[in-house]
Student: 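Shown below is the structure under consideration.
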Amino acid sequence: MRSMVPNSIPEDENELLHTALFKRVSPQQASELLPYLQRATFDKGDYIFREGDTDHRMYLLERGRVKLMRESNDRRVQLLSIHAHGEVLGEIPVFDPNGGPRTASAVSMTHGTHVAWLEHDALFSWLSEYPNVAIDMLQVLARRMRENNERISDLVFMDVPARLAKTLLNLGARFGEPVEAGLKVPHDLTQEELAQLVGSSRETVNKALMDFANRHWIAREGRSIIIYQPGMLIRRSRR
């Protein structure tokens with residue numbers, strides 16, 4: 001991790017001003033909070049925070065990708081979600097009145113991941129001045145809750161190929177790059193991590209990937225997947 005001077009990024013290059021947190025405030029209003037931001041740059045594999053930590057910070061991802069994961073007592077790992085620039089991380093301890101430990105670990109997936117964070121007191125003092133921003137933060141939290149509820153429902157009601165199809169479509173919508181053959185999705189996940197994201201074993205997910213490839217819906221290319229027929233994946237995700 002490499003620390004950075006607070007608010008060291010010029011305003012016209014500051015991606016934080018374009019995140020959900022700031023979309024309802026003017027640059028002048030946002031500038032009152034920027035001096036309280038702390039920043040750091042992380043390399044691939046670095047921990048931004050760890051499950052069980054007791055800090056009261058809210059993190060904002062300015063650049064790069066981060067994965068949230070949990071680890072069981074017997075060292076098994078579950079990949080919960082992937083986050084990209086403009087997204088909020090680790091908000092639960094900030095808004096939980098009782099504080100409490102972090103429920104997951106955040107790990108950088110890319111070199112040069114830029115993260116900013118705010119301490120609880122600075123954030124709440126600012127929100128008291130601009131309560132309309134709290135509406136946007138509630139919307140962010142509500143969307144996160146909806147996604148978590150949908151994920152739980154998928155694990156209960158959908159089979160592995162359907163969950164895999166839905167996961168690939170989600171990754172494609174967020175990170176896909178149009179190419180001549182279709183939509184290239186550079187997920188940068190190991191086979192084990194992709195299986196964790198789907199919520200199944202590596203063997204079962206690989207079998208479903210092979211079936212999709214044999215049907216010419218997708219092609220695997222290292223740690224990327226090219227989606228040839230998104231319509232077929234949509235249909236499979238609804239079965």
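The residues of the chain are indexed from 1 along the displayed sequence. Values reported hereafter were calculated over all heavy atoms of this structure, with side chains retained and with hydrogens, waters and symmetry mates removed.
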Student: State, with a plain yes or no, whether a side-chain heavy atom of His187 is found less than 4.5 Å away from one of Ile225.
Tutor: yes

Student: Are Glu71 and Arg75 close enough, and set up right, to give a salt bridge (Lys or Arg N to Asp or Glu O under 4.0 Å), and what steps lead you there?
Tutor: CA-CA 6 Å; Glu71 187 173 342; Arg75 312 295 289 183; 3.0 Å; yes

Student: Glu129 side chain to Trp126 main-chain N or O, any donor-acceptor pair under 3.5 Å?
Tutor: no

Student: Any donor-acceptor pair under 3.5 Å linking the side-chain atoms of Glu32 with those of Tyr130?
Tutor: yes

Student: Ignoring hydrogens and angles, tell me if any N or O in the side chain of Thr110 forms a donor-acceptor pair with the backbone of Thr113 under 3.5 Å.
Tutor: no

Student: Should Arg215 and Asp211 count as an ion pair when the cut-off is N to O under 4.0 Å?
Tutor: yes

Student: What's the shortest heavy-atom distance between Ala106 and Leu68, and which atoms?
Tutor: CB-CD2, 3.6 Å

Student: Can you tell me how far CD of Glu119 sits from CD of Gln38, rounded to the nearest 0.5 angstrom?
Tutor: 7.5 Å

Student: Quick one: pull up OH in Tyr47 and OG in Ser108 and give me the separation to the nearest 0.5 Å.
Tutor: 12.0 Å

Student: Does any part of the side chain of Leu194, heavy atoms only, come nearer than 4.5 Å to the side chain of Leu209, both counted from C-beta?
Tutor: yes

Student: Heavy-atom distance under 4.5 Å between the side chains of Tyr36 and Leu118, does that happen here?
Tutor: yes

Student: Which atom pair, heavy atoms only, marks the closest approach of Leu37 to Arg39?
Tutor: CD1-NH2, 3.9 Å

Student: May I ask you to check whether over 12 heavy atoms, not counting those of Asn73, lie within 6.0 Å of atom CG?
Tutor: no

Student: Tell me, please, which residues at least two apart from Arg146 pass salt bridge (charged side-chain N to carboxylate O under 4.0 Å, His left out).
Tutor: none

Student: Taking all atoms of both residues into account, what is the closest heavy-atom pair of Arg174 and Ile82, and its distance?
Tutor: NH2-O, 2.7 Å

Student: Would the distance check show the side chain of Asp46 and the main-chain N or O of Phe42 forming a donor-acceptor pair, the cut-off being under 3.5 Å?
Tutor: no

Student: Does the Arg102 side chain pair with the main chain of Phe49, one donor and one acceptor, at a distance under 3.5 Å?
Tutor: no

Student: Using a strict threshold of under 4.0 Å (side-chain N to carboxylate O), is an ion pair present between Arg202 and Glu192?
Tutor: yes

Student: How are the rings of His120 and His56 set relative to one another: parallel (under 30°), tilted (30 to 60°) or perpendicular (over 60°)?
Tutor: perpendicular

Student: To check you understand the geometry: which heavy-atom pair defines the closest contact between Met69 and Glu51, and what is its length?
Tutor: O-OE1, 4.3 Å

Student: Which atom pairs, one a donor and one an acceptor, fall under 3.5 Å between side chains of residues 158-168 and the rest of the protein, sequence neighbours left out?
Tutor:
from   : atom 1 : to     : atom 2 : distance (Å)
Asp159 : OD1    : Ala162 : N      : 3.0
Asp159 : OD1    : Arg236 : NH2    : 3.4
Asp159 : OD2    : Arg236 : NH2    : 2.8
Arg163 : NE     : Val198 : O      : 3.0
Arg163 : NH1    : Met158 : O      : 2.8
Arg163 : NH2    : Gly199 : O      : 2.8
Lys166 : NZ     : Glu150 : OE2    : 2.4
Lys166 : NZ     : Asp154 : OD1    : 3.4
Lys166 : NZ     : Asp154 : OD2    : 2.9
Thr167 : OG1    : Arg163 : O      : 2.8

Student: Flag yes if more than 12 heavy atoms outside Arg220 fall under 6.0 Å of its CZ atom; otherwise flag no.
Tutor: yes

Student: Report yes or no: does Glu62 contribute a side-chain atom to a donor-acceptor pair with the main-chain N or O of His85 at less than 3.5 Å?
Tutor: no

Student: Please find the pair of heavy atoms, one from Met58 and one from Leu123, that lie closest to each other, and give the distance.
Tutor: CE-CD2, 3.9 Å

Student: Can the ring centres of Phe212 and Trp217 be said to be less than 6.0 Å apart?
Tutor: yes

Student: Taking it one step at a time, do Ser201 and Thr204 satisfy side chain to side chain donor-acceptor pair (under 3.5 Å)?
Tutor: CA-CA 5 Å; Ser201 68; Thr204 303; 2.8 Å; yes

